[in-house]
Amino acid sequence: MTTPLPLLLLLLPFLSPAMATNAATTITAQQFREAPQFYNSQDCPSITTLPDDDVDPDGSDDSHMICSPQAVHVAMTLDTAYIRGSMAAILSILQHSSCPQNAVFHFVASAAANASLLRQTISASFPYLKFRIYSFDDSHVSGLITTSIRSALDCPLNYARSYLAVLLPHCVRRVVYLDSDLILVDDIAKLSATPLGGGAVLAAPEYCNANFTSYFTSAFWSNPSLSLTFADRHACYFNTGVMVIDLDRWRRGDYTAKIEEWMHLQKRMRIYELGSLPPFLLVFAGKIAPVEHRWNQHGLGGDNFRGLCRDLHPGAVSLLHWSGKGKPWARLEANRPCPLDALWAPYDLLETPFVLDS
């Protein structure tokens, strides 16, 4: 059996004492490599100074850094299934950033996960990284989740993006949310600086050629009180794996509660099929700020059933996103990669897998 070291460590709390001891003592091989350190260019702004009234009131030593308006804030989730992808994503962000030392990462993990081991895993590969880990209580949403077309979409942590405004310090006013199955090949500061005009709460690439009606059931469209939700809105599909969010506007509008209202309705009558995406569409579709398609070349993981290989969409590329069933690390591990998985491989920090004795 081959398993990356950090994944095994994260599983240890769930093993019996004997199994955990045996697993810990039979680790014989490698883990994630340490990534190179990346430095700011000369014209990068300093993030070390901040007015005292803007400091995060939690009193932690890194408050001035966390709350600095010069920082580029990135939010991601961390879990055992996707941590290999997360590590690659972090590396790609830093490598292509003009001001990598100004990047601040906010990682959301399940409350059941071992936060200290997660922190150890990140710090070992990125000892210079500025980051925090936030605990997400799965029970808060587990009762609101309905089964979808792929079981991986039903993980409570998939819904953590709806709670960033609650989890992150209030001094963090804008954040780029990213899934773990992507890499950037452009400067994330450009994405973070996306204009959110007209009072928009979030920005994302829109895909108006997609069949928007397919994301909701016939029960939704046949009910005028529901389908009129999109009246006077030029509603288009957008992928929630890449979003720029104005957290101040989100908090003022209490958009977490608005998303939860649709999830409560879904429990009473099935109005959609696809995990955490439809509630976002119901609340935000037709109301978001535009982002160039280059910032989400999505669908590279294939569809949600077979995960077949796909090509890039026409146009420039700033971000490659393996949304869908197929993940590049899994296909590479199985020696059945898709052609585009070769673009992900250079960012893979996993050392040669070790053998866990039975």
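Taking all atoms of both residues into account, the shortest heavy-atom contact from Arg331 to Gly307 is NH1-O, 3.1 Å. Listed here is the closest heavy atom pair of Ala342 and Pro346: O-CD, 3.1 Å. Looking at every heavy atom in both residues, Leu164 comes nearest to Val175 through CD1-CG1, 4.4 Å. Looking at every heavy atom in both residues, Arg173 comes nearest to His170 through CG-O, 4.3 Å. Contact record, Asn296 with His321: OD1-ND1, 3.0 Å, taken as the closest heavy-atom pair. Closest non-hydrogen pair, Met243 versus Leu202, comes out as SD-CD2, 4.1 Å.
Listed by chain and residue number, His106 satisfy the side-chain hydrogen bond (donor to acceptor under 3.5 Å, both in side chains) test with His73 (two or more places apart in sequence, or in another chain). Residues passing the side-chain hydrogen bond (donor to acceptor under 3.5 Å, both in side chains) test with Arg174: none are found, sequence neighbours excluded. Listed by chain and residue number, nothing satisfies the side-chain hydrogen bond (donor to acceptor under 3.5 Å, both in side chains) test with Glu34 (two or more places apart in sequence, or in another chain). Residues satisfying the ring pair (Phe, Tyr, Trp, His ring centres under 6.0 Å) test with Phe238, not counting sequence neighbours, are none. Annotation: salt bridge (charged side-chain N to carboxylate O under 4.0 Å, His left out) contacts of Lys190 (sequence neighbours excluded): Asp186. Legend: residues meeting side chain to side chain contact (heavy atoms under 4.5 Å, CB included) with Leu265, ordered by chain and number and at least two apart, are Leu226, Trp262, Arg268, Met269, Ile271.
With 3.5 Å as the limit, one finds no donor-acceptor pair spanning the side chains of Asn158 and Ser276. Side-chain atoms of Trp250 and Thr256 form a donor-acceptor pair, as typed in the model, at a separation below 3.5 Å. In the model, Glu260 has a side-chain atom that pairs as donor or acceptor with a side-chain atom of Tyr163 under 3.5 Å.
At a threshold of 4.5 Å between non-hydrogen side-chain atoms, the residues Asp181 and Trp329 count as touching. For the pair Arg132/Val104, no side-chain contact is recorded, criterion being any heavy-atom separation below 4.5 Å from C-beta on. The shortest distance between side-chain heavy atoms of Leu191 and Ser318 does not fall below 4.5 Å. Side-chain contact check for Trp344 versus Pro337: every heavy-atom pair is 4.5 Å or farther apart. Between Asp248 and Arg252 the shortest side-chain heavy-atom distance falls below 4.5 Å. Contact of the Leu94 side chain with the Leu129 side chain is registered, since non-hydrogen atoms from C-beta on lie closer than 4.5 Å. Between Leu184 and Trp295 there is a side-chain heavy-atom pair separated by less than 4.5 Å. Contact annotation: the side chain of Ser110 never approaches that of Asp79 to less than 4.5 Å [non-hydrogen atoms, C-beta and beyond].
Listed for the Ser323 side chain is a donor-acceptor partner under 3.5 Å among the backbone atoms of Gly299. For Asp348 (side chain) and Leu350 (main-chain N/O), a donor-acceptor pair under 3.5 Å exists by modelled atom type. Counting only distance, with no hydrogens or angles, the side chain of Tyr128 and the backbone of Pro36 share a donor-acceptor pair below 3.5 Å. His264 places no side-chain N or O within donor-acceptor distance of the main-chain N or O of Ile259, the cut-off being under 3.5 Å. A distance-only check finds no donor-acceptor pair linking the side chain of Lys325 to the backbone of Arg306 [under 3.5 Å]. Under a 3.5 Å cut-off, the side chain of Asp341 and the backbone N or O of Leu332 do not form any donor-acceptor pair. Although no hydrogens or angles enter the test, the distance criterion places no donor-acceptor pair under 3.5 Å between the side chain of Ser86 and the main chain of Leu78. Between the Asn40 side chain and the Gln101 main chain, a donor and an acceptor come within less than 3.5 Å of each other. Looking only at distances, a side-chain donor or acceptor of Gln297 sits under 3.5 Å from a matching main-chain atom of His313. Checking side-chain atoms of Arg119 against main-chain N and O of Ile133 turns up no donor-acceptor pair under 3.5 Å.
One finds the OH atom of Tyr177 at 8.0 Å from the CE atom of Met76 (value rounded to the nearest 0.5 Å). The distance from atom CE of Met263 to atom OH of Tyr272, rounded to the nearest 0.5 Å, is 5.5 Å. The line from OG1 of Thr213 to CZ of Phe220 is 10.5 Å long, rounded to the nearest 0.5 Å. Atoms SG and CG, from Cys338 and Leu300 in turn, are 9.5 Å apart once rounded to the nearest 0.5 Å. Between the SG atom of Cys44 and the OH atom of Tyr39 there is a distance of 14.0 Å, given to the nearest 0.5 Å. Rounding to the nearest 0.5 Å places CD1 of Ile183 at 14.0 Å from CD1 of Ile90.
Other residues, nucleotides and ligands place no more than 12 heavy atoms under 6.0 Å from the CG atom of Asn209. Heavy-atom contacts from other residues, nucleotides or ligands closer than 6.0 Å to CZ of Arg336 number 12 or fewer.
Two different hydrophobic clusters hold Val166 and Val283 under the rule that ILVMFWY side chains link at heavy-atom gaps under 4.5 Å. Cluster annotation: Val291 is connected to Leu312 through the hydrophobic network of ILVMFWY side chains, with a link wherever side-chain heavy atoms come within less than 4.5 Å.
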Residue pair His96, Ile188: steps toward the side-chain contact (heavy atoms from CB on, under 4.5 Å) verdict: CA-CA 8 Å; His96 295 283; Ile188 194 170; over 6 Å; no
Stepwise side-chain contact (heavy atoms from CB on, under 4.5 Å) check, Leu282 with Phe230: CA-CA 8 Å; Leu282 286 161; Phe230 295 113; 3.7 Å; yes
Where do Leu178 and Leu319 land on the side-chain contact (heavy atoms from CB on, under 4.5 Å) test, with the steps shown first? CA-CA 10 Å; Leu178 298 174; Leu319 184 152; 4.1 Å; yes
Could you walk me through whether Val317 and Leu343 pass the side-chain contact (heavy atoms from CB on, under 4.5 Å) check? CA-CA 12 Å; Val317 180; Leu343 300 177; over 6 Å; no
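Ring orientation note: the planes of Trp221 and Phe212 are nearly perpendicular, at an angle over 60° on the 30°/60° scale. Relative ring orientation between Phe107 and Phe105 is described as parallel, the plane-to-plane angle staying below 30° on a 0-90° scale split at 30° and 60°.
Tyr255 carries Lys258 over the face of its six-membered ring, with the cationic atom under 6.0 Å from the centre and within 45° of the normal.
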